[in-house]
J.: 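Please read through the structure below; I'll follow up with questions.
Keep in mind the model is a prediction, meaning the values are calculated, not measured. Along the sequence shown, residues are numbered consecutively beginning with 1.
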Amino acid sequence: MKKFLTLALIFTLALNSTAFAHELTIKPKAGTTLEKDKAVELTVQSAHKFIVPEEVEVLSRVKAGIIENGKLIESALTPDEENLCINFTVTPKNDDGSIMLVAIKDGETWSITNEGGKTGSRTELEKQGLKVLSANKYDKYAKAIFNTSKDDKNYAQVLGHPLEIIPVTNPADLKVGDYMNVKILLNGQPYTGAVWASYDGFAPEHENTYAYYTEAENGEAFIKITSAGWWGIRAAQGNLPGVEGDYDHLNLRAFLLFDVK
């Protein structure tokens, strides 16, 4: 019976680690408009609750900044333990349309062992005498769009992330009651699977609670806008092939943040 309970606990930990990994997001400290040649402060957040920070990510595994000419210009990152986030600053150099910010996390390997969850590869932990049930790596990609306008196309930039959410609808055109159409690509191919969405203030006290759920078919998903304010759209893909000796499966997370006036 004790062995059965231990295996059941390990299975539950493995399931939860896949289903409920922290989401990586970007959020401005104040305002929703970025001005040319004016520095603005933003945060990288990691949380189970929608844009409510819960932990500071490992700095060495995160990069964030502004997209210019299709490339990420990295910003210096500063951990903020008091506010459970990472701070960074960007200074836009042009005002020719919407501005995209990006945060990327090169995830650690999280292993489920006979002694519970551990950070470390399968090989590392087995050398310590642990029995590894599963080892998973979580890579995360967050995008945030600012300064959308009705004649702008910058919002639809494709950056080539392994899992990427790309707006088809211009956020500047959205109003409550409309549908936000997005394209989702997995390694460059149409993604089919679950899509979640929520808005700032919907359920900040509850983890893993979203206002909207749908499923993408052939890379396309529609999210009905039910409130003004910051919206986030989330997609996830687990159980991708791993690296022998390091992790069994690669798990990808993508998050898109935009403002609805």
J.: Who passes side-chain contact (heavy atoms from CB on, under 4.5 Å) against Pro162, sequence neighbours left out?
T.: Tyr141, Asn187, Leu252

J.: Less than 4.0 angstrom from a charged side-chain N to a carboxylate O is my criterion; do Lys137 and Asp246 meet it?
T.: no

J.: Quick one: are Tyr155 and Thr169 in side-chain contact, heavy atoms under 4.5 Å?
T.: no

J.: Fit a plane to each ring of Phe258 and Trp231, take the angle between them on a 0 to 90° scale, and name the class: parallel (under 30°), tilted (30 to 60°) or perpendicular (over 60°).
T.: parallel

J.: May I ask whether Phe88 and Leu59 are part of the same hydrophobic cluster, defined by side-chain heavy atoms of I, L, V, M, F, W, Y residues being less than 4.5 angstrom apart, directly or through others?
T.: yes

J.: Should the pair Glu74-Lys71 be classified as a salt bridge under the 4.0 Å nitrogen-to-oxygen rule?
T.: no

J.: I want to check something: taking the side chain as every heavy atom from C-beta on, are Trp110 and Thr119 in contact at a cut-off of under 4.5 Å?
T.: yes

J.: Quick check: do Asn136 and Asp248 have side-chain heavy atoms less than 4.5 Å from each other?
T.: no

J.: Between Asp80 and Asn87 (side chain of the first, backbone of the second, donor and acceptor by atom type, cut-off under 3.5 Å), is there such a pair?
T.: no

J.: So, taking the atom named CZ in Phe202 and the one named CD1 in Ile51, what distance separates them when rounded to the nearest 0.5 Å?
T.: 13.0 Å

J.: Looking only at atom types and distance, does a side-chain atom of Glu126 sit under 3.5 Å from a main-chain N or O of Val132, one as donor and one as acceptor?
T.: no

J.: Among residues at least two apart in sequence or on other chains, which ones pass ring pair (Phe, Tyr, Trp, His ring centres under 6.0 Å) with Tyr212?
T.: none

J.: Just so I know, are the side chains of Ile165 and Lys143 near enough to count as touching, which here means a heavy-atom distance under 4.5 Å?
T.: no

J.: If the threshold is 4.0 Å, N to carboxylate O, is there a salt bridge linking Arg234 and Glu23?
T.: yes

J.: Decide whether Ile145 and Ile166 are clustered together by the hydrophobic rule: side chain heavy atoms of Ile, Leu, Val, Met, Phe, Trp, Tyr closer than 4.5 Å, transitively.
T.: no

